[in-house]
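Quick caveat: nothing in here was measured; it's all calculated off a predicted structure. In the text below, chain A, chain B and the rest are named by the order of the sequence lines, each starting its count at 1.
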Amino acid sequence: MPVENQIANKLLAHYDAQARSLPWRSPPGAPPADPYRVWLSEIMLQQTTVAAAAPYFERFTKRWPTVEALAAAEDADLMAAWAGLGYYARARNLLATARAVAGKGFPDTEAGLRELPGIGGYTAAAIAAIAFGHRAVVVDANVERVVARLFAIADPLPGAKPAIRAAADSITPDGRAGDFAQAMMDLGATICTVRAPACLACPIHEHCAGYVSGDPTAFPVKAAKKARPVRHGTIFWLERGKDVLLVRRPDKGLLGGMRALPTGSWGDSPPGLAGAPCDVGWHAVEPVVTHVFTHFELRLALVAGTSEKHCKMQPGWEWWPKDRIGQAGLPTVFAKAASIFGRDG
DNA sequence: CAGTCGTGGCG
DNA sequence: TCGCCAAGACT
């Protein structure tokens, strides 16, 4: 038997015995899971850990059991339900795709899936394999790591992606497409981990060039990362009786489309009261909030004030009950700030 | 292609 | 403590 088939068979046998039980997953060898649930889980899992996505998946599928139900959701409700999970463009694309396929089902080919908003190369392959049983080369960060080690691919990412994909293709079997994809990802998540791989527990370590090399963590090689700049801003907490002013952020850009506390623009130095929603007497609230995004660190001064009659409301602004701020669906950075304002009084 | 886009957990 | 990273997509 060719070594590629041996590798696939060992991975599948290991998966049969060790597969993680996950809310969106059908057991090894069982019929595929509902495409809606597979799709929803794959979107939630983009750059997101299983532990973080799982409670959101449970809430979403309970509230919206079908893609038709999701398609009928209000935009604001969907965005609020996504709050805290991050990468909010996923939520907007989720709704767009739900409305595109409602009533006619998901396409069952990679090419068809790839045309839907929020579904790229990885997700299209994953859905085709897991929900429809089609052979597809499913390459996520787990598979990249497993394959780079298995074949000791020394070229750095992202340039090595084509070679890694070709290597993944070479060990992808024709049958059990969904199980194989998930077996590879389980292996990467539980055994072939980033820092301390458990090679002796790995069903294919005897085929692994990275293991033979003595230092499997040397793979995959990655390009050096850029330094993360610091930006500064101000968050305004404007009260009016029992309410606080919330705004809706523009659809595009950071935290796009999300309900938020008002801020001015962010820059290289603290902007003070520039960009305040209203000209009232502001007072500082400690401490400064620091929040780390993917490509910059944000330091936000907090100021509070009380609305006066000449404060003019603008489109997208709303007064929200302070004691229900937890239900506003604020992204984490604003939830963090709101909790400080709340305990400050 | 390289930058943009969240968040939380882990060693 | 803090840098690294996760079932990537889009421009």
Student: Do A:T290 and A:E297 have side-chain atoms, one donor and one acceptor, less than 3.5 Å apart?
Tutor: no
Student: Over all strands shown, is A:V143 touching base, sugar-phosphate only, or nothing at heavy-atom distances under 4.0 angstrom?
Tutor: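 No contact.
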Student: Rounding to a whole Å, what distance do you find between A:Y56:OH and C:dA6:P?
Tutor: 20 Å
Student: Considering heavy-atom distances to DNA chain B, does A:R231 or A:T332 have its closest nucleotide positioned more toward the 5' end?
Tutor: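 The residue closer to the strand's 5' end, by nearest nucleotide, is A:R231.
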Student: If you pin A:R90 and A:A51 to their nearest nucleotides in DNA chain B, which one's is more 5'?
Tutor: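 This one resolves to A:R90.
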Student: Rounded to the nearest Å, what distance is computed from the CD atom of residue A:Q46 to the P atom of nucleotide C:dC10?
Tutor: 8 Å
Student: For B:dT7 and A:H291 - does any side-chain N or O of the residue sit under 4.0 Å from the phosphate oxygens OP1/OP2?
Tutor: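 It does, given that an N or O in the side chain of A:H291 lies less than 4.0 Å from OP1 or OP2 of B:dT7.
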Student: Starting from P on B:dG6, measure out to CG on A:L45 and report it in whole angstrom.
Tutor: 17 Å
Student: Any base atoms under 4.0 Å from A:P117, or only sugar-phosphate, or nothing? Heavy atoms, all strands.
Tutor: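 Counting heavy atoms under 4.0 Å across all strands, the contact made by A:P117 is with sugar-phosphate only.
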Student: Grab the CG-P distance between A:L40 and C:dA7 for me, whole Å please.
Tutor: 17 Å
Student: If you compare every side-chain N and O of A:K226 against the phosphate oxygens of B:dG3 (OP1, OP2), does one of them come in below 4.0 Å?
Tutor: yes
Student: Would you kindly give the CE-to-P distance between A:M44 and B:dT7, to the nearest whole Å?
Tutor: 15 Å
Student: Would you classify A:G188 as touching base, sugar-phosphate or nothing, given that sugar-phosphate means primed atoms plus P, OP1 and OP2, and contacts are heavy atoms under 4.0 Å?
Tutor: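 No contact at all - A:G188 keeps every heavy atom at 4.0 Å or more from the nucleic acid.
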Student: C:dC4 P sits how many Å from A:K222 NZ, rounded?
Tutor: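 Checked: the NZ to P distance equals 11 Å.
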Student: With a 4.0 Å cut-off on heavy atoms, is A:S41 in touch with a base, just the backbone sugar-phosphate, or nothing at all?
Tutor: nothing
Student: With a 4.0 Å cut-off on heavy atoms, is A:R20 in touch with a base, just the backbone sugar-phosphate, or nothing at all?
Tutor: base
Student: To the nearest Å, give me how far apart CD (A:E297) and P (B:dC5) are.
Tutor: 16 Å
Student: Using the side-chain heavy atoms of A:L255, tell me which of these nucleotides is nearest: B:dG8, C:dA6, B:dG6.
Tutor: B:dG6
Student: Between B:dG6 and C:dT11, how far is it from one P atom to the other, in whole Å?
Tutor: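 That atom pair is separated by 14 Å.
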Student: Between A:G118 and A:Q182, which is nearer to the 5' end of DNA chain C once each is assigned its nearest nucleotide?
Tutor: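 Closest to the 5' end, via its nearest nucleotide, is A:Q182.
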Student: Applying a 4.0 Å non-hydrogen cut-off, can you work out what A:A141 is touching in the nucleic acid: base, sugar-phosphate, or nothing?
Tutor: sugar-phosphate
Student: Using a 4.0 Å heavy-atom cut-off, does A:W24 contact any base of the nucleic acid, only the sugar-phosphate backbone, or nothing at all?
Tutor: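 The answer is base, as A:W24 lies within the cut-off (heavy atoms under 4.0 Å) of a base atom.
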Student: What nucleotide, of B:dT7, B:dG6, C:dC10, holds the atom closest to the side chain of A:N93?
Tutor: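 Per side-chain heavy atoms of A:N93, the pick is C:dC10.
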Student: Under the criterion side chain to side chain contact (heavy atoms under 4.5 Å, CB included), which of A:L94, A:T97, A:L95 is the partner of A:P117?
Tutor: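 Of A:L94, A:T97, A:L95, side chain to side chain contact (heavy atoms under 4.5 Å, CB included) with A:P117 is met by A:T97 alone.
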Student: Given C:dA7, C:dC4, B:dT7, identify the nucleotide with an atom nearest to the side chain of A:R195.
Tutor: C:dC4
Student: Would you please indicate if the ring centroids of A:F236 and A:W282 are separated by under 6.0 Å?
Tutor: yes
Student: Looking only at the side chain of A:H295 (C-beta and beyond, no hydrogens), which of the listed nucleotides C:dG8, B:dT4, B:dG6 gets closest?
Tutor: B:dT4
Student: State which of C:dC5, C:dA7, B:dT7 makes the closest approach to the side chain of A:Y122.
Tutor: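 For A:Y122, the side-chain atoms sit closest to C:dA7.
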Student: Touch check for A:R145, heavy atoms < 4.0 angstrom, all strands: base, sugar-phosphate only, or nothing?
Tutor: sugar-phosphate
Student: Quick check on DNA chain C: between A:R228 and A:G121, whose nearest nucleotide comes earlier from the 5' end?
Tutor: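 This one resolves to A:R228.
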Student: Mind checking A:I127 for me? I need base, sugar-phosphate or nothing, with any heavy atom below 4.0 Å counting as a touch.
Tutor: nothing
Student: A:S213 and A:D215: side-chain donor and acceptor closer than 3.5 Å?
Tutor: no
Student: Are any of the side-chain nitrogens in A:R248 or A:D75 under 4.0 Å away from the carboxylate oxygens of its partner?
Tutor: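 No, this pair does not count.
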Student: Closest approach to the side chain of A:Y88, judged atom by atom: which nucleotide of B:dG6, C:dC5, C:dG8 is it?
Tutor: B:dG6
Student: Measure the distance from the SG of A:C278 to the SG of A:C311 and say whether it is below 2.5 Å.
Tutor: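 Yes, because the SG atoms of A:C278 and A:C311 sit under 2.5 Å apart, which meets the disulfide cut-off.
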Student: If I pick the P atom on C:dA7 and the same atom on B:dT4, what distance separates them, to the nearest angstrom?
Tutor: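 That atom pair is separated by 24 Å.
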Student: Under 4.0 Å, counting only non-hydrogen atoms across every strand here, what does A:I119 touch: a base, just sugar-phosphate, or nothing?
Tutor: sugar-phosphate
Student: Measure distances between side-chain N and O atoms of A:T48 and base N and O atoms of B:dG6, and say whether any donor-acceptor pair falls under 3.5 Å.
Tutor: yes
Student: Choosing from C:dA7, B:dT7, C:dG8, which nucleotide comes nearest the side chain of A:L22?
Tutor: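 When the side chain of A:L22 is considered, C:dA7 is the closest of C:dA7, B:dT7, C:dG8.
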Student: From the options B:dT7, C:dC10, C:dA6, select the nucleotide whose nearest atom is closest to the side chain of A:R114.
Tutor: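 That would be C:dC10.
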Student: Any luck finding a side-chain donor-acceptor pair between A:H295 and A:K226 under 3.5 Å?
Tutor: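 The answer is no; no qualifying pair exists.
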Student: Could you tell me whether the side chains of A:Q46 and A:R90 share a donor-acceptor contact shorter than 3.5 Å?
Tutor: no
Student: Is a donor-acceptor pair below 3.5 Å formed from side chain A:T294 to base B:dG6, judging by atom type as modelled?
Tutor: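 Pair found.
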Student: Look at the side-chain N and O atoms of A:Y87 and state whether any lies under 4.0 Å from the OP1 or OP2 oxygen of C:dC10.
Tutor: no
Student: Measure the distance from CD on A:E144 to P on C:dA6 and round it to the nearest whole Å.
Tutor: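 Rounded to whole Å, this separation is 8 Å.
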